[in-house]
Number of protein chains: 2
Amino acid sequence: MSATSRTKAEVTEVQTGVAVQAAGSQPSLVEHESPVPATLGKKGEMTRQQILSAALNLFRERGFDAATMRDIAESAGMSLGASYYYFPSKESIVSAYYDYVQQEHKVRVEREISKAKNLRQRLGIAFHTKLDIIQNDRRLLVALFRYGGDPHHPLSWFGPATSRQRELSMAVFAHALGDQKLPKDVRYFAPLALWALHMGLILYFVNDSSDEQRRTRRLLDGTLDLVTRAFDLATAPVLQPILRPIRKRVTELLTDAGLAPNPG
Amino acid sequence: MSATSRTKAEVTEVQTGVAVQAAGSQPSLVEHESPVPATLGKKGEMTRQQILSAALNLFRERGFDAATMRDIAESAGMSLGASYYYFPSKESIVSAYYDYVQQEHKVRVEREISKAKNLRQRLGIAFHTKLDIIQNDRRLLVALFRYGGDPHHPLSWFGPATSRQRELSMAVFAHALGDQKLPKDVRYFAPLALWALHMGLILYFVNDSSDEQRRTRRLLDGTLDLVTRAFDLATAPVLQPILRPIRKRVTELLTDAGLAPNPG
DNA sequence: GTCTATAAAAAGATAGAC
DNA sequence: GTCTATCTTTTTATAGAC
């Protein structure tokens, strides 16, 4: 379990959610395509962060449904109408959170990836840091899965509205793969496969009631061992006569299914 | 909590919801376990079917969210209160639909499985009949995925409330496997794997806007070709030195993750 | 037993004053 | 930018007719 040794300070940063974000390298965690006035003054930006922070705390405490906009507004020390001024809907708060998660994931992986000595460790960092970031947000993550099956909903994982977040996430996994020697087709689809795997693990994670979700961590480590072995097998010369036609077929299937990255 | 030994008074209490909140538990789950209240007379059963039918039509037309209980009741030719007498919530209608799907799936597979001449064809029947049944219900199926990530919700795929449906579904896939010669561990986890695969395909299916979802059908056929080949490889003697330790590891992982069927 | 009619409450969202 | 007041939709619950 390599990347799981978060310091307390870092965890606290995640828990407050607002992420003190040392020296504004990025403008804001919360620049979604939401109709939020781009012209938020310094004070307005503070207020927005207050609302976001209060909302995330409430989501963590009692879940997405049970936390009402009235509660959020009150907890942030303002009126209901004021909070709607900053977030057009309850879901847009979740979207802002998700943007934050992606940004944080990218930053952490880029920071820690150099410590890894092989593919297994790089994958470990990519996956474990993701879980680290969302460790305390299982009740909130429910809202992210809620619209997964609804292709027309703005928060659907498959919809166009979240394509940016999806691609960012896949880019992180691609980065974690590094210059690993892999067959061309494997390399091409690996980020997608890893993204899908990580979504499945998050689904398990959300449902994992074990202490600090250690079960998910064990499952993850075991799965990554197998994934690494699979990558090894994928390059083993003796197996190529068997594997190459299979890879070819898989590539055709995924492409025909419209699942190829960067379509068109 | 035995769903079969329910007195009439208890059922009424549950359905009106009075005793539910007092107890603080989730007795409404019994609705999922006994989809048709035994206390309904012949006429009542008709009425229930009317409501179910009207609801499904509306769900298909405008989706789960847009169809209100008032619409459903009106479409079924009765009052709001009457429909609540038969279904304690909108979601319980979805649950009834899902019960129907399972039952229909079982019946169809049992009816058609004898036509198949090999494993590939048996799997084809198992998967395609499932898609046949839900072919026109993509907008409705959204509601099935909605609570997938919420372990405490009665309709969560992973929750105890839906375990019966899950096991029924896996049993159908196990039946489709027939007496296919497979390693013991592979056979043990195959129904779970096939169930998971079929859930993933349904997720794709729901998001598939191609004509009559032909894309999903193609993806399914290609995937089943690969699955069949995988089963072949799993039994190929020359590959056992490589595969056996991997299978062993996978078995350990799934068992430790609590994903083994018939736990305990 | 079965159903009608209606009320009350909750929560998301908005309008307009300041 | 922030507030108060209000709207709208939906669900839960119940009284009581037949």
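As a basis for the values below, the full set of heavy atoms in this structure was taken, side chains included, without hydrogen atoms, waters or symmetry mates.
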Of all the choices, C:dT4, D:dT2, C:dC3, which nucleotide is nearest to the side chain of A:K43 once you look at every atom?
D:dT2
Rounded to the nearest angstrom, tell me the gap between atom CE in A:M78 and atom P in D:dT4.
12 Å
Would one find a side-chain N or O of B:Y86 under 4.0 angstrom from OP1 or OP2 of C:dC3?
yes
Whole-Å distance separating the CD atom of B:E74 from the C1' atom of C:dT4
15 Å
Ring-plane angle category for B:F127 and B:F173, please: parallel below 30°, perpendicular beyond 60°, tilted otherwise.
tilted
Pairing residues for A:S89 by the side-chain hydrogen bond (donor to acceptor under 3.5 Å, both in side chains) criterion, not counting sequence neighbours:
none
Hits for ring pair (Phe, Tyr, Trp, His ring centres under 6.0 Å) against B:Y98, two or more places apart or cross-chain, chain-then-number order -> none
Give every residue pair that meets the side-chain hydrogen bond (donor to acceptor under 3.5 Å, both in side chains) criterion with at least one member in residues 192-206 of chain A, sequence neighbours excluded.
A:K130-A:H198
Ring pair (Phe, Tyr, Trp, His ring centres under 6.0 Å) contacts touching residues 62-83 of chain B (sequence neighbours left out):
B:F59-B:F64
Could you run down nucleotides 5-18 of chain C 5' to 3' and tag each one B, S or - for protein heavy-atom contact under 4.0 Å?
B-B---BBBB----
In whole angstrom, what separates B:Y85's OH from D:dA15's P?
17 Å
Check ring pair (Phe, Tyr, Trp, His ring centres under 6.0 Å) between B:F205 and all other residues, then give those that pass, not counting sequence neighbours.
none
